[in-house]
Amino acid sequence: MRLGTWCRKHRYLRFALYTLPILIVWFVLSIYPHLEVIPLSLYKWSPMSKNKEFVGLFYYKMLFTHQWTETKRYIVNTLLYVLYLFVIQTVLALLLALILQKNTRPNKFFRALFFLPMVFSSVMVSLTWSYMYDPNLGIINNILGSLGVDGYPGHSFFKPDTMAILCIVIVHIWANIGYPITIYTSGLQTISNDLYEAAKIDGCNIWQNFWRITFPLLLPTLLRTTMLTLTTGAMAYDYVLMMGSRMTMVSFDTWASAIYKGITLDTNYGMVSAKSVLLFILMVAICVAQYLATKKAEDAYLG
């Protein structure tokens with residue numbers, strides 16, 4: 001009897017004990033290696049040598065003094081990438097989910113069609129779109145040229161830099177939009193049709209239904225999915241590398257792609273570690289801003 005009473009009082013402790021082994025493995029294999037980057041950023045070191053020279057905050061100072069031009073460019077490009085991805089993918093995925101929410105055969109087909117690019121590797125997607133964006137041989141240039149648009153073919157989609165980032169984000173969205181569509185569609189299907197029937201009786205139109213029923217009830221799903229979108233955009237590097245910058249330094253590199261190049265082209269891993277720490281700080285700032293916006297929006301719409 002006493003044992004049963006103790007178990008009921010400490011049931012949360014039991015759950016913690018059950019999950020403790022996997023939490024230990026998760027910390028050792030995932031969290032600890034990430035935290036190890038912080039002290040590594042204080043040393044001048046190379047994986048090819050056992051010698052480590054303590055330099056303190058030297059690399060952080062370099063990033064904000066001698067290399068400030070590059071640092072500012074990486075930050076601006078990363079924020080542009082995140083902004084483009086957040087706005088375009090969220091609006092487009094929500095619009096498509098609203099169109100495809102009913103479980104009809106055509107809708108199921110198009111849902112699968114939008115989800116299909118997610119099974120392709122980012123390398124294959126990037127190379128395919130690189131050929132499509134080609135100034136002379138690309139299908140996009142040739143189609144626009146056949147329609148009589150001046151400057152096509154021969155137009156470079158990667159100039160200016162802001163346009164290059166937008167073109168890369170479009171490819172990112174094309175390859176990954178199936179996931180948010182699936183999540184939004186599932187969220188829309190949990191909303192009872194009785195609410196829409198009651199609104200119809202009250203004379204509400206489609207726009208009023210969206211803002212007074214659909215959007216408030218879908219808001220928790222929408223905001224948590226957009227948080228994943230923001231973090232994915234901040235860490236994006238594969239499409240940037242494969243579609244334009246390759247292994248050379250170009251002006252539309254994001255912070256993550258600059259870190260990747262530092263790992264592959266530079267033996268000074270102290271600087272790379274410092275950049276990784278700053279990217280982590282940037283992502284934390286983005287996540288905190290998203291959390292505050294989420295809480296404020298939920299309080300405003302859901303009370």
Side-chain angles (χ1 to χ4, degrees), residues 16 19 22-23 26-42 57 59-65 67-68 70-94 162 165-166 168-169 172-173 176-177 179-180 182-184 187 215-240 252-260 262 271-303:
T19 58
I22 190 63
L23 289 176
W26 176 62
F27 179 82
V28 172
L29 298 181
S30 181
I31 301 301
Y32 176 75
H34 286 80
L35 296 178
E36 187 68 14
V37 174
I38 298 176
L40 289 177
S41 66
L42 305 178
L57 300 176
Y59 293 123
Y60 294 97
K61 294 178 181 178
M62 281 193 63
L63 288 171
F64 290 98
T65 54
Q67 298 184 14
W68 170 241
E70 294 182 359
T71 301
K72 181 173 66 174
R73 185 174 69 224
Y74 297 149
I75 294 175
V76 170
N77 290 345
T78 301
L79 292 177
L80 281 175
Y81 198 105
V82 170
L83 178 63
Y84 288 149
L85 185 65
F86 174 79
V87 174
I88 300 174
Q89 179 169 287
T90 301
V91 173
L92 186 58
L94 181 57
T162 52
I165 297 172
L166 178 60
I168 296 172
V169 168
H172 187 140
I173 294 172
N176 297 277
I177 198 172
Y179 178 79
T182 303
I183 299 300
Y184 295 155
F215 185 76
L217 295 178
L218 191 64
L219 190 60
T221 302
L222 184 66
L223 294 176
R224 283 158 180 78
T225 306
T226 53
M227 180 174 289
L228 181 61
T229 301
L230 291 175
T231 55
T232 302
M235 294 187 297
Y237 71 93
D238 44 0
Y239 297 106
V240 177
F252 54 85
D253 267 325
T254 61
W255 195 277
S257 65
I259 293 174
Y260 184 88
M271 175 62 80
V272 177
S273 299
K275 291 180 179 179
S276 301
V277 173
L278 291 177
L279 177 61
F280 170 74
I281 295 173
L282 179 62
M283 291 182 60
V284 169
I286 292 175
C287 289
V288 169
Q290 171 71 2
Y291 172 77
L292 294 176
T294 298
K295 185 174 179 58
K296 184 177 180 180
E298 288 184 345
D299 291 343
Y301 279 94
L302 303 179

key: Pairwise distance OG1(T229) to CG(L223) - rounded to 0.5 angstrom   = 11.0 Å
key: Nearest heavy atoms of L40 and S273, plus distance in Å   = CB-OG, 3.9 Å
ask   = Roughly how far, to the nearest 0.5 Å, is the CG atom of L166 from the CD1 atom of I173?
value = 8.0 Å
ask   = So, for A234 and V82, which heavy atoms are closest and what is the spacing to 0.1 Å?
value = N-CG2, 3.5 Å
inquiry  = Can you tell me which residue among N176, I183, I177 is in a side-chain contact (heavy atoms from CB on, under 4.5 Å) with Y179?
reply    = I183
query = Going by the angle between their ring planes, with limits at 30° and 60°, are Y237 and Y260 parallel, tilted or perpendicular?
reply = parallel
ask   = Between S41 and Y60, is any side-chain donor less than 3.5 angstrom from a side-chain acceptor?
value = yes
message = Quick check for you: to the nearest 0.5 Å, what is the distance between L222 atom CG and L217 atom CG?
response = 12.5 Å
key: pair F64-L278: side-chain heavy atoms closer than 4.5 Å   = yes
key: Whether T225 side chain and Y184 backbone form a donor-acceptor pair below 3.5 Å   = no
request  = Taking the six-membered ring for Trp and the full ring for Phe, Tyr or His, determine whether the centres of H172 and Y81 are under 6.0 Å apart.
outcome  = yes
message = Using modelled atom types and a 3.5 Å cut-off, is there a donor and acceptor pairing between side-chain atoms of T90 and backbone atoms of V87?
response = no
note = dist M235:CE -> L230:CG (nearest 0.5 Å) comes out at 11.0 Å
note = Smallest heavy-atom separation, L85 atom then G233 atom, equals CD2-CA, 3.6 Å
query = Do side-chain atoms of W26 reach the backbone of I31 as a donor and acceptor pair under 3.5 angstrom?
reply = no
ask   = Taking atom CZ of F280 as the centre, does the number of heavy atoms from other residues, nucleotides or ligands within less than 6.0 Å exceed 12?
value = no
ask   = Could you state the interatomic distance from CG (L219) to CZ (R224), rounded to the nearest 0.5 Å?
value = 8.5 Å
task = Work out which heavy atom in A236 is nearest to a heavy atom in A256; give both atom names and the distance.
result = O-CB, 3.4 Å
request  = Answer yes or no: is there a donor N or O on one side and an acceptor on the other, between the side chain of N77 and the main chain of D253, under 3.5 Å?
outcome  = yes
ask   = Would you say the side chain of L80 lies within less than 4.5 Å of the side chain of V169, judging by non-hydrogen atoms?
value = no
request  = Please lay out, stage by stage, how C287 and T231 fare under the test side-chain contact (heavy atoms from CB on, under 4.5 Å).
outcome  = CA-CA 7 Å; C287 289; T231 55; 3.4 Å; yes
request  = Could you give me the CA-CA distance, side-chain angles and deciding distance for S257 and T254, then say whether side-chain contact (heavy atoms from CB on, under 4.5 Å) is met?
outcome  = CA-CA 5 Å; S257 65; T254 61; 3.4 Å; yes
message = Can you tell me how far apart CG (L79) and OH (Y74) are? Round to the nearest 0.5 Å.
response = 15.0 Å
ask   = Any donor-acceptor pair under 3.5 Å linking the side chain of T71 with the backbone of L63?
value = yes
